[in-house]
Amino acid sequence: MIFALMLTGFSYSFARTTDGITKKAVESFNKEFSSARNTTWENKGSYMIVTFSMNSQIMFAYYGNNGELIGVARNILSDKLPISQLISLKKNYSDYWISNLFEVSMDNDTTYYVTLENADQKLVLKSSDYTGWEVYSKEEKQ
């Protein structure tokens with residue numbers, strides 16, 4: 001996942017539960033997302049991911065080993081994009097279909113990532129300024 005690239009250097013030693021999830025992260029999560037249901041935690045070494053449902057939506061929260069919330073991600077439908085982003089996609093990438101779209105919130109900033117595909121290519125685009133998209137990665141299909 002994209003967060004893995006951004007999270008190098010997060011290694012602290014705090015009180016841990018038996019599965020490697022810090023108690024501080026669990027406490028922080030329970031405070032921030034008190035209405036969350038169906039929680040599942042994963043220890044990724046330098047960070048933790050909690051998958052949960054809230055308001056009938058599956059979400060992913062990322063925590064550093066110090067228990068601090070790094071960011072929250074959720075899959076969205078294209079009609080949930082800001083209008084300018086949606087228009088830009090339809091105008092500039094009309095020969096592609098959307099295979100994945102998610103929103104990432106970190107430090108009061110929201111970034112969108114969309115995976116577009118056609119018969120020949122797979123593109124991942126990133127948008128964080130509400131004015132357009134930049135190519136995050138590009139892969140030729142075989």
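No hydrogens, no waters, no symmetry mates; every other heavy atom, side chains included, goes into these values.
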Distance-minimising heavy-atom pair for [X] and [Y]:
{"X": "Ser105", "Y": "Thr110", "result": "OG-OG1, 3.7 Å"}
{"X": "Tyr62", "Y": "Ala73", "result": "CE1-CB, 4.3 Å"}
{"X": "Gly20", "Y": "Met48", "result": "O-SD, 4.2 Å"}
{"X": "Lys141", "Y": "Glu117", "result": "NZ-OE1, 2.8 Å"}
{"X": "Leu69", "Y": "Ala61", "result": "CD1-CB, 4.1 Å"}
{"X": "Ile70", "Y": "Gly64", "result": "CD1-N, 3.3 Å"}

(message) Hydrophobic clusters here meaning ILVMFWY residues chained together by side-chain heavy-atom distances under 4.5 Å, can you tell me if Leu89 and Val135 are in one?
(response)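 Hydrophobic grouping puts Leu89 with Val135.
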
[atom2] on [Y] to [atom1] on [X], rounded to 0.5 Å:
{"X": "Ile98", "Y": "Leu116", "atom1": "CD1", "atom2": "CG", "value": "6.0 Å"}
{"X": "Met59", "Y": "Thr51", "atom1": "CE", "atom2": "OG1", "value": "11.5 Å"}
{"X": "Asn75", "Y": "Phe102", "atom1": "CG", "atom2": "CZ", "value": "7.5 Å"}
{"X": "Asn100", "Y": "Lys122", "atom1": "CG", "atom2": "NZ", "value": "8.5 Å"}
{"X": "Ile76", "Y": "Leu81", "atom1": "CD1", "atom2": "CG", "value": "4.5 Å"}
{"X": "Leu101", "Y": "Arg74", "atom1": "CG", "atom2": "CZ", "value": "10.0 Å"}

(message) We want to know whether Asn38 and Ser53 form a side-chain donor-acceptor pair, criterion being a heavy-atom distance below 3.5 angstrom.
(response)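 Short answer, yes.
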
Using only atom types and a distance under 3.5 Å, with no angle test, would you say the side chain of [X] pairs donor to acceptor with the backbone of [Y]?
{"X": "Ser127", "Y": "Gly132", "value": "yes"}
{"X": "Lys24", "Y": "Asn65", "value": "no"}
{"X": "Trp133", "Y": "Gln85", "value": "yes"}
{"X": "Asn55", "Y": "Gln57", "value": "no"}
{"X": "Asp107", "Y": "Asp109", "value": "no"}

(message) Do Leu123 and Tyr96 make a side-chain contact, defined as non-hydrogen atoms from C-beta onward lying under 4.5 Å apart?
(response)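 Leu123 vs Tyr96: side chains touch.
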
(message) Run Asn118 and Tyr93 through side chain to side chain contact (heavy atoms under 4.5 Å, CB included) and show every step you take.
(response) CA-CA 10 Å; Asn118 66 17; Tyr93 298 95; over 6 Å; no

(request) Could you check whether the rings of Phe29 and Phe52 sit parallel, tilted or perpendicular, using 30° and 60° as the cut-offs? (result) perpendicular

(request) Taking the six-membered ring for Trp and the full ring for Phe, Tyr or His, determine whether the centres of Tyr113 and Tyr136 are under 6.0 Å apart. (result)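 Ring centres of Tyr136 and Tyr113 closer than 6.0 Å.
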
(message) Walk me through whether Leu125 and Tyr112 qualify under side chain to side chain contact (heavy atoms under 4.5 Å, CB included).
(response) CA-CA 8 Å; Leu125 306 178; Tyr112 298 94; over 6 Å; no

(message) Tell me if the NZ atom of Lys138 is crowded by more than 12 foreign heavy atoms within 6.0 Å.
(response)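 Open.
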
(message) Tell me if the CD atom of Glu68 is crowded by more than 12 foreign heavy atoms within 6.0 Å.
(response) no

(request) Kindly determine whether Val114 and Val124 satisfy side chain to side chain contact (heavy atoms under 4.5 Å, CB included), including the steps that lead there. (result) CA-CA 6 Å; Val114 61; Val124 177; over 6 Å; no

(message) Check Lys80 with Glu103, please: is the shortest side-chain N to carboxylate O separation under 4.0 Å?
(response) no

(request) Look at Glu42 together with Lys44 and state whether they make a salt bridge at an N to O cut-off of under 4.0 Å. (result)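 Here Glu42 pairs with Lys44 in a salt bridge, since their nearest N and O are under 4.0 Å apart.
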
(message) Before you tell me yes or no, could you show the steps for Ser28 and Tyr63 under side chain to side chain contact (heavy atoms under 4.5 Å, CB included), namely the whole-Å CA-CA distance, both residues' side-chain angles and the distance that decides it to 0.1 Å?
(response) CA-CA 9 Å; Ser28 177; Tyr63 285 87; 3.5 Å; yes

